[in-house]
Amino acid sequence: MTGEPLLSVRGLSVDFSTYGRRSQVLRDVSLDVPAHRHVALVGESGCGKSVTMRTIMGILPTPPARIVCGQILFDGRDLLAMRPRERERLRGTAMSMVFQDPMTSLNPVFTIGDQMATILKYADRRLGRVRGRRGRMARIFEVLGQVRMPDPERIARSYPIMLSGGMRQRVLIAMALLSEPRLLIADEPGTALDVTTQAQILKLLKDLVEDRGLALLMITHNLGVVREAADYVYVMYAGSVVEHAPTADLFARPSHPYTHALIDCVPKLSGDTAFRGIDGSLPDYTAPPAGCRFSPRCVLATALCDRPPSDRPVSEGHLAACWHLAEAAP
Amino acid sequence: MEFFYFLIRRVFWSLLVLFGLSIVIFVIARVMPGDPARMAMGPRASQEQVADLKAKMGLDKPILAQYGQFAVGLLHGDLGLSFLTKRPVNHDIAETFAATFELVLATILVAFVVGVPLGVVAAANKDGWVDNLVRFFAILGAATPSFLLALLLQVLAGYVLHALPTTGRVSPDSPFTADITGLLTLDTLLRGNLGGLSDALRHLLLPTLALSAATIGQIARITRSSMIDVSTQDYIEAVRAFGVPDRVRMFKYMLRPAFVPPMTIMGLEFASLLGNAFVVELVFSWPGMASYGVRSILQKDLNAVMGVVMISGVFFVVINLMIDVLVGFIDPRVRIRGARA
């Protein structure tokens with residue numbers, strides 16, 4: 001992790017107001033995505049991964065959400081301080097997003113080609129680029145080829161219902177690639193698909209990072225995927241990053257009790273057959289614990305944990321926010 | 001190609017529906033209490049005269065033979081004689097149908113042109129004051145009986161303001177007759193008779209308003225909820241993340257999928273308006289088929305009742321077939337599944 005990262009989230013806090021109650025969903029989230037790197041953000045459902053991603057993309061509905069503080073630096077410029085128009089210009093062009101569910105993320109009543117052409121048309125317009133209809137279609141065929149779709153012309157003429165889930169997921173990736181973004185944010189890509197198709201999709205994303213020099217921020221709860229593909233991992237719990245490390249290091253020396261528990265939750269094919277979960281559930285975001293948010297579920301929790309822990313180094317580039325690091329290490 | 005199969009299937013089912021309808025209406029007409037021949041001849045006619053008429057109408061034959069006669073006539077466009085007007089039912093219907101059709105068509109057009117934008121505006125301002133206003137008037141419109149509205153409009157526009165005619169399709173002194181399509185507005189337009197057109201429109205306005213209020217409310221509500229439903233779909237968030245402007249998102253990506261429920265409702269409304277128009281027709285002395293049908297039912301004029309029901313049925317089926325085709329055109333899922341199923 002050297003040099004200026006392409007995307008740098010600094011101290012991001014986001015609240016939600018629902019029915020007059022304020023939920024403190026994100027607390028002081030910081031993460032870096034360097035250019036040409038594959039970074040994973042893991043955590044269980046409801047821990048704030050998707051909110052983080054939507055905040056970065058600028059598609060979080062505000063209200064009910066409110067960005068309390070923090071910076072999102074993209075290429076050194078703060079997205080949150082930009083004028084809306086300026087930010088619009090980046091969305092879908094310099095930074096783009098791959099949606100999670102291929103069955104529901106494509107408009108059912110337009111052909112793939114039509115949907116892609118519309119996206120490209122307005123992306124071109126924002127960038128002040130001139131490209132005719134024919135030029136747009138050529139670009140669409142090219143991108144469909146890049147995601148390894150056979151017969152792009154036929155795909156472009158198809159409606160989503162005519163394609164399989166895996167093909168639709170490829171189309172969603174192609175849509176994100178239309179304007180050659182430098183940063184791709186993928187929200188649990190392929191989780192809605194079967195395992196083999198998911199593996200193909202993940203391989204495709206990995207190749208795109210390697211061949212096209214994209215930076216990829218992937219959101220997932222699948223540790224197997226992380227281990228397989230990511231360069232660097234952020235572990236999130238209840239709206240905060242609890243541990244982050246280079247992938248190999250994280251799996252070799254998981255240091256936060258939550259990371260431990262998360263890794264233990266993965267059922268293994270051999271040996272240990274007893275399935276272990278984590279007792280308890282995510283805290284109430286309207287009244288979260290004052291100190292470490294994981295402490296109510298943590299086996300190591302002591303009075304010390306009533307104060308918010310700060311990042312403490314485990315090794316080079318590996319930090320964990322826990323008061324009991326020494327005990328947690330295996 | 002898949003669209004062609006979709007169409008064939010729909011036409012086939014439509015014909016089956018009409019066949020079923022012909023049986024149902026025939027049976028209902030035969031089991032209704034009371035003797036139609038007696039009703040037609042009046043209480044002072046002799047037993048022989050009534051029997052004579054029965055024989056002439058074929059009412060003394062076995063029921064299957066009667067149905068056969070009815071079905072064959074139907075296929076030839078012959079609906080028999082009306083006991084009441086002593087004229088062929090198809091003549092009566094031909095005269096009155098165009099009036100009702102014109103009224104209903106105008107009503108549907110107004111409901112669509114007013115209702116859909118209202119629904120879209122309401123959905124775009126969900127829970128805002130515009131939305132509340134639209135919802136209030138939509139419910140008010142749907143809940144107000146059409147005869148009440150008809151009378152109010154008649155009193156207000158006709159007797160208080162003296163702005164619009166309150167009865168009939170044309171002014172009494174107008175020499176104009178609808179002789180091309182039967183629709184006065186269309187025929188006057190085709191003949192380039194602008195005076196006649198404005199006269200026809202002025203007569204059409206109040207009945208249309210009275211009849212359309214409920215349908216406007218209905219369509220506005222359906223469009224609103226359909227738009228809101230679509231707005232929460234993943235594909236709408238997706239195009240936002242791809243930077244497609246709000247305006248395009250709203251009118252292209254949302255409106256088209258959201259269009260299907262209001263279209264379907266419109267098809268159903270069209271058919272029910274053909275029958276329900278009679279209240280408005282009576283208030284405005286509109287010489288339509290709906291009031292003819294109600295009169296026939298009250299007088300037990302069997303052939304006329306069957307004729308009106310069959311014609312309404314044919315229109316219901318044809319309109320819904322058209323709506324199906326349009327929906328299939330809007331939403332490829334319908335025609336692809338329709339062809340496969």
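Order of the sequence lines fixes the chain letters, A, B, ..., with proteins taken first and strands second; residue numbering starts at 1 for each chain. The basis for the numbers below is simple: all heavy atoms, side chains too, and nothing from hydrogens, waters or symmetry mates.
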Check: When only pairs under 4.5 Å are counted, which of A:T93, A:I119, A:L172 shares the most heavy-atom pairs with chain B?
Finding: A:I119

Notebook entry, point to check: Which answer fits A:T104, side chain, backbone, both or neither, if we ask what part of it has an atom under 4.5 Å from a heavy atom of chain B?
Noted result: both

Check: Is a donor on one side and an acceptor on the other found under 3.5 Å between the side chain of A:R168 and the backbone of A:L163?
Finding: yes

Notebook entry, point to check: Side chain, backbone, both or neither: which part of A:I56 has an atom under 4.5 Å from a heavy atom of chain B?
Noted result: neither

Checklist line | Which of B:V260, B:V248, B:V244 touches chain A most, by non-hydrogen pairs under 4.5 Å | finding: B:V248

Check: What part of A:M175 lies closer than 4.5 angstrom to a heavy atom of chain B: side chain, backbone, both or neither?
Finding: both

Next item on the list: Give the member of A:P181, A:A176, A:P61 that has the highest number of heavy-atom pairs under 4.5 Å with chain B.
Entry: A:A176

Item checked: Flag, side chain of A:N107 to backbone of B:Y253, donor-acceptor distance under 3.5 Å -> yes

Notebook entry, point to check: If you tally heavy-atom pairs under 4.5 Å against chain B, which of A:K121, A:Q115, A:R54 wins?
Noted result: A:R54

Next item on the list: Considering only NZ, NE, NH1 and NH2 on the basic side and carboxylate oxygens on the acidic side, decide whether A:D75 and A:R182 come within less than 4.0 Å.
Entry: yes

Notebook entry, point to check: In terms of heavy-atom proximity below 4.5 Å to chain A, should B:V230 be classed as side chain, backbone, both, or neither?
Noted result: neither

Check: Taking the six-membered ring for Trp, are the ring centroids of B:Y5 and B:F12 within less than 6.0 Å of each other?
Finding: no

Notebook entry, point to check: Which pair of non-hydrogen atoms, one from B:M254 and one from B:I236, has the smallest distance, and what is that distance?
Noted result: CG-CD1, 3.4 Å

Check: Taking the inter-plane angle between the rings of B:F97 and B:F315 on a 0 to 90° scale, is it parallel (under 30°), tilted (30 to 60°) or perpendicular (over 60°)?
Finding: tilted

